[in-house]
Each structure stands twice: as structure tokens, then as C-alpha cells.
Amino acid sequence: MPLPGSRPSVAPLPEPDPVRCRSLADDLRAAGFTSEALRGAWGPTADTAIARGLRGPAVAALGDRTDPLAVLGRLFVLGVAERAGRVAASVPRTGIEGLVALGLVTTTDEPDATVQPLAIIRPQSFVDEHGEGEWWIASDLDEAALAGPLAEGHVLGVGGASQTLARLQLPGDAVHGGERGLDLGTGCGIQALRLRRGVRRVVATDISERALRFTRLNALLNDVAEVETRTGSLFDPLEPGEQFERIVSNPPFVITPRVEGVPAYEYRDGGLVGDALVAEVVTGLGVHLAPGGVAQLLGNWEYRDGQDGLDRVRGWVADAPVALDAWVIERERLDPLAYAELWIRDGGTAPGTPEYARLMEAWLDDFARRGVTEVGFGYILLHRPPSWRVTLERYERVRGAAEATGADLAASLAAHAQLVSLGDGPAGDAALAASVLRVAPDVTEARHHRPGEEAPTVIELHQGGGFGRVVPVDPALAALVGASDGDLAVGPLVDAIAQLLEVDPVALRADLLPRVRELLFTGFLRFAD
């Protein structure tokens, strides 16, 4: 066990052997090594505790069970040493020698023959347009298994950010062309596996050769072909002019002080000052997008001395050498103290220790010196239009965006494309007025009244799925949404509402149509055809 405050090293990871990977996959499959089976074995409370870095409840729930599911669950999910005989019986095809050769375990003979885990393997379920599935994802031992801080060369498994980006990846049919995809900064390879389901070939890059070995291991373990790995920083591994229809990236976006004594984790810290790494990714990826291609990434952006963080991102997009449509969603914003607490704790340094206080001081000094008042986190979607005409420039804050999916993004982009096809100006308004719309099935309306008053003081439209948006509307727009049942076009509905409210129909149309466009993009309304 490492000394308090020290950083452990990681054991060498050999090049994965395809035959042994197939054998291990067969053993895991035979053991019923799935997320559902493991959750059933230790129960929902212990499962929640694992997500919070606490393995004790799960260990207690499994007790002294010797079946393969329990043995492999303790060894590879919880990171607990197991008796060699039990492990050998649980992986008869691979054998302990096969696990050792893959770099997943080590063995000891004292006092009893035991198998010590060197890596985590966790089932990761997913749902996409092709249906439900599950992968086995290998990565380095986590904080709970190490009982201390992480090594700076640590390769992270499927964390919250990884799950978010995987969930947000657009369906394959939502992007023009599906030949090549790029996973920039692949880590353990989870995004590459997800991307591969929508394109024929994937290039996965990372500055860490260790991470790329985990990516190759996970591709072999899950029988996913056509994933090519390349070593290098950002766009360095790419050929000049090399282009992709899809680019995804969960880059090392964490803003870390660049001072001596502050650990820089390869999986999260890009080595540049502030948010400069995210800026480089946003500015540089456009030339590697094929016309019609889409890039999706996560990122942090700073608020500095009154400068809005989303305006910083807007500037990065404007600095790109090619024209890009942009949709940027800020999901949350943290002050310097909360941001430092989040990432110091993420590295395994516990609050109340001298090391924690030292790192906190370094973080806060860095933010103060550079005038950083807040840090935003969110999603960036960039599209290279086939022409140079930019039609989407949307920078917004959506606090309910946590459960949005790639299908939600695709629906908004499809609505945007249809709105663009209607045109701008009077002709576009006339085309929209002639369109027939339907209210989305997940939309509900809430009306708030003061006691004793008949007319509502507030009317809100609530989105049950997707981004969970809440939009305040006036009686006229509420009436239009309520009447959008796929029967009458927008124009006749506006005229009828104007007559009912005794207002000028021309003025009402000019007021409502821009807001109808917004409700179409955000998914409250849909084109009936």
C-alpha cells in the first residue's frame, strides 16, 4: 500500500494477445458476468455504493460465495484479492497464467496462493439505435481498490463523463456518410467502441501508449474489429488532410495548475494552461471533418474577469480555419472552490489531509492569478456544412440536460435542417405558416394562478424527456401549441387565435413564428409530415 500522500506507479501492461482475449471473453460469458447479474448478486444499495467508491457493502453481500460470478466480481469489479484455486476454477479457458500474461493479475504464494488484481474489468450496458448491448471494459485499478491516490499514468474506466458522451453520440444515420470515425484521446476505448457501431472504421488516438493498449484489449475482449490505434498528442497522429465523417472526444479538459507538486493525470489533464487544450481541439478539428461531418466533445471553459465562458467558446469556433455550425450546451458552472474540490477528490486525495490543503491552495492561487471566477462544463457539437454557409450558431445554458441522448440531438438537428429548407425572411415565414405541426407526446402544460384569480399569471411548457426544458409561454403561444394536433396548418391556427384574443393577426403571426421555430428545434413541436 502506498504511503499517505504518495502516488503509486502502474504495472506494465503487455500487448494484448487476441487468443487469450477470446478465451477470457468466453470465461466471462460462461460466468454470466453482466451488470444485471452482478447487481442482483450484491443488491441495489451495494451497487450504488460502488458508484461512490465504496466496495465494502458489495464484499459483505457476496460473503464467501465461490461461484464464478462472485469470484470474478470480487476480483475484477471490486479489486479484491482471491484464492488462486477459486480463480482457476472461474476462468478454465484462460487460466491464471493467461490472466497474468494479459497483465490483469499477479500472483503470490505467501501465506496462501492468491491472485491480486492489477486491473478492473466491469460490464458496461448501453442502448442505441441498434438495440441493447453490453461491453466488458478493462482499465486500471480505481481509488477504492488502491485505497489511496491514483498514479499519474492511470487509465480511467467508464466514468460519468464517458457515459455522458457515449449517450450523446448521434445515431449512425444522423450523420452524412458512415465510413470513418475518429476518437481523439480514447483512454480505455469506450467512445471508440460506441463510435464503431455507427461507422465502418475507427481511428483511436491517445498520448498514452498504456491507454491504447487498454483500448486494443477492450476491442479484442468485445470482438470489435476495425479499431486502429495511434499514439500522439491531439491531431499529431493524423495525416495532413485526413478527414472523418464522425469525430468524438472526451479530451483531458480538467483545468489543473501548472506548478510543481500538483499531479497531472494523463487521463484528465492536458498539460496546457487553463482551458487552452479544449480551445485547441475546437479550433483544430474542423479541417479533419469531412464535409457534412459532425464532431462531438465534452469540455470546460473559463469565465475570466467578467468574460462569459460561452463567448470564449464562440471565439474558438470563429478561429477555426473552416466554417463550422456550432451547438454548445453549458450544463453546469462551478466556482473555483467547488471546481478544485471536485478534481482534487477525483485524484484520490482525501479532504482534511495536508496534501488536500496544499493542492487546494495551489488551485485557488492559479485561478486568482489568472482572474478565473467560474468554470463551465458542457457539450460541444460542431458540423462542417457541405457549403461554407453557417446556419447554426447556438450557445445556451440548459441545466436539465443530464439525461439527453444522441437521439434527442439528432431530432433537433433534423428539425433545424427542415427549418433551413423552408428559407428565411417572408418566404420562410410563409412556408412555416403553411406547415402542419404536432405537439410532442412528452410535453405537458402547467398553469399557475394567484388565489381567487381566473387567469393564470404563469403558463409553462414542460418537456418530459430529452433536455427536460421548461419554457414560459403566453396565452397565444400556449393556444397554438395546444391546437397543434396535425390537422390545421400554423397560419390558420394563428388567425383563429388572433380572432379569439381580438388582436391583429399580422402582428400575432410576426410574434409567434420565431417562437414556433424555437419550439420546433427544442422538440416541443414537430413537423406532422
Side-chain angles (χ1 to χ4, degrees), residues 124 126-131 133 135 137 158 161-208 211-212 214-253 278 281-282 284-299 320 322 324-327 379-386 405-407 409-410 413:
Q124 179 65 41
F126 62 88
V127 179
D128 62 13
E129 72 273 21
H130 303 293
W135 293 303
I137 303 297
V158 183
S162 297
Q163 293 182 48
T164 293
L165 183 58
R167 188 176 64 248
L168 287 173
Q169 283 198 37
L170 292 175
D173 58 3
V175 181
H176 174 71
E179 182 65 28
R180 302 190 76 211
L182 169 66
D183 179 10
L184 190 71
T186 188
C188 68
I190 179 64
Q191 305 305 329
L193 296 183
R194 174 65 181 84
L195 185 59
R196 177 62 180 82
R197 290 173 65 82
V199 299
R200 295 179 183 177
R201 291 177 290 168
V202 171
V203 172
T205 70
D206 206 287
I207 197 171
S208 166
L212 293 177
F214 269 117
T215 295
R216 294 192 288 272
L217 170 64
N218 288 326
L220 290 168
L221 199 56
N222 293 284
D223 194 26
V224 178
E226 299 296 337
V227 175
E228 175 191 353
T229 59
R230 301 182 192 175
T231 308
S233 177
L234 297 182
F235 304 104
D236 290 347
L238 306 183
E239 298 294 331
E242 189 173 14
Q243 293 186 333
F244 305 84
E245 287 82 17
R246 297 283 302 275
I247 298 177
V248 296
S249 182
N250 181 14
F253 57 73
V278 180
V281 173
V282 171
L285 60 75
V287 296
H288 295 290
L289 271 178
V294 172
Q296 295 180 262
L297 61 145
L298 306 181
V322 298
L324 295 172
D325 291 319
W327 183 10
Y379 323 137
I380 300 174
L381 187 151
L382 303 172
H383 167 250
R384 183 172 180 177
T405 67
L409 298 178
L413 295 177

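Since this is a predicted model, take the numbers as computed values, not measurements. Below, all heavy atoms of this structure are taken into account, side chains as well, without hydrogens, waters or symmetry copies.
You'll find the side chain of V281 stays beyond 4.5 Å of the side chain of I380, heavy atoms only. Contact of the L298 side chain with the F253 side chain is registered, since non-hydrogen atoms from C-beta on lie closer than 4.5 Å. At a threshold of 4.5 Å between non-hydrogen side-chain atoms, the residues L184 and F235 count as touching. A heavy-atom distance below 4.5 Å is found between the side chains of L193 and I137. At a threshold of 4.5 Å between non-hydrogen side-chain atoms, the residues Q243 and P291 count as touching. Looking at L289 and H383, their side chains never come closer than 4.5 Å, going by heavy atoms from C-beta outward. Contact of the W327 side chain with the L413 side chain is registered, since non-hydrogen atoms from C-beta on lie closer than 4.5 Å. Looking only at side-chain heavy atoms (C-beta outward), R167 and R194 stay at 4.5 Å or farther from each other.
When atom types are taken as modelled, the side chain of N222 and the backbone of V224 share no donor-acceptor pair closer than 3.5 angstrom. Distance alone, capped at 3.5 Å, places no donor-acceptor pair between the R200 side chain and the E226 backbone. Between the side chain of R196 and the backbone N or O of A225 there is at least one donor-acceptor pair closer than 3.5 Å. For N218 (side chain) and C188 (main-chain N/O), a donor-acceptor pair under 3.5 Å exists by modelled atom type.
Between L168 and the options L381, L409, L297, V248, a side chain to side chain contact (heavy atoms under 4.5 Å, CB included) holds for only L409.
Across G232 and P237, no two heavy atoms sit closer than the pair CA-CG, 3.5 Å. Heavy atoms only, all atoms of each residue included: E239 and H288 are closest at O-CE1, 3.9 Å. Closest approach of A410 and P171 over heavy atoms only: CB-CD, 3.9 Å. Summarising the geometry of R216 relative to T229, their closest heavy-atom pair is NH1-OG1, 2.7 Å, with the distance given to 0.1 Å. The two residues V227 and A204 come nearest to each other via the heavy atoms CG1-CB, 4.4 Å. Shown here for N250 and S162, the closest heavy-atom pair between the two residues is ND2-OG, 3.6 Å.
Contact check on R180 versus E245 returns no salt bridge, with no Lys/Arg side-chain nitrogen under 4.0 Å from an Asp/Glu carboxylate oxygen.
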Applying side chain to side chain contact (heavy atoms under 4.5 Å, CB included), run through L285 and L382 and close with a yes or a no. CA-CA 9 Å; L285 60 75; L382 303 172; 3.8 Å; yes

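Crowding of L234 atom CG: a count of heavy atoms from other residues, nucleotides or ligands under 6.0 Å exceeding 12.
The structure places OG1 of T205 at 7.5 Å from CG of L212, a figure rounded to the nearest 0.5 Å. Taking CZ of R230 as the start and CG of D236 as the end, the distance is 12.0 Å to the nearest 0.5 Å. A distance of 5.5 Å separates CD of Q191 from CD of Q169, quoted to the nearest 0.5 Å. Between the OG1 atom of T405 and the CG atom of L170 there is a distance of 9.5 Å, given to the nearest 0.5 Å. We find the CG-CZ distance between D206 and F214 to be 12.0 Å, quoted to the nearest 0.5 Å.
The side chain to side chain donor-acceptor pair (under 3.5 Å) check on R197 picks up D128, with sequence neighbours excluded. By the side chain to side chain donor-acceptor pair (under 3.5 Å) test, T186 pairs with D183, sequence neighbours left out.
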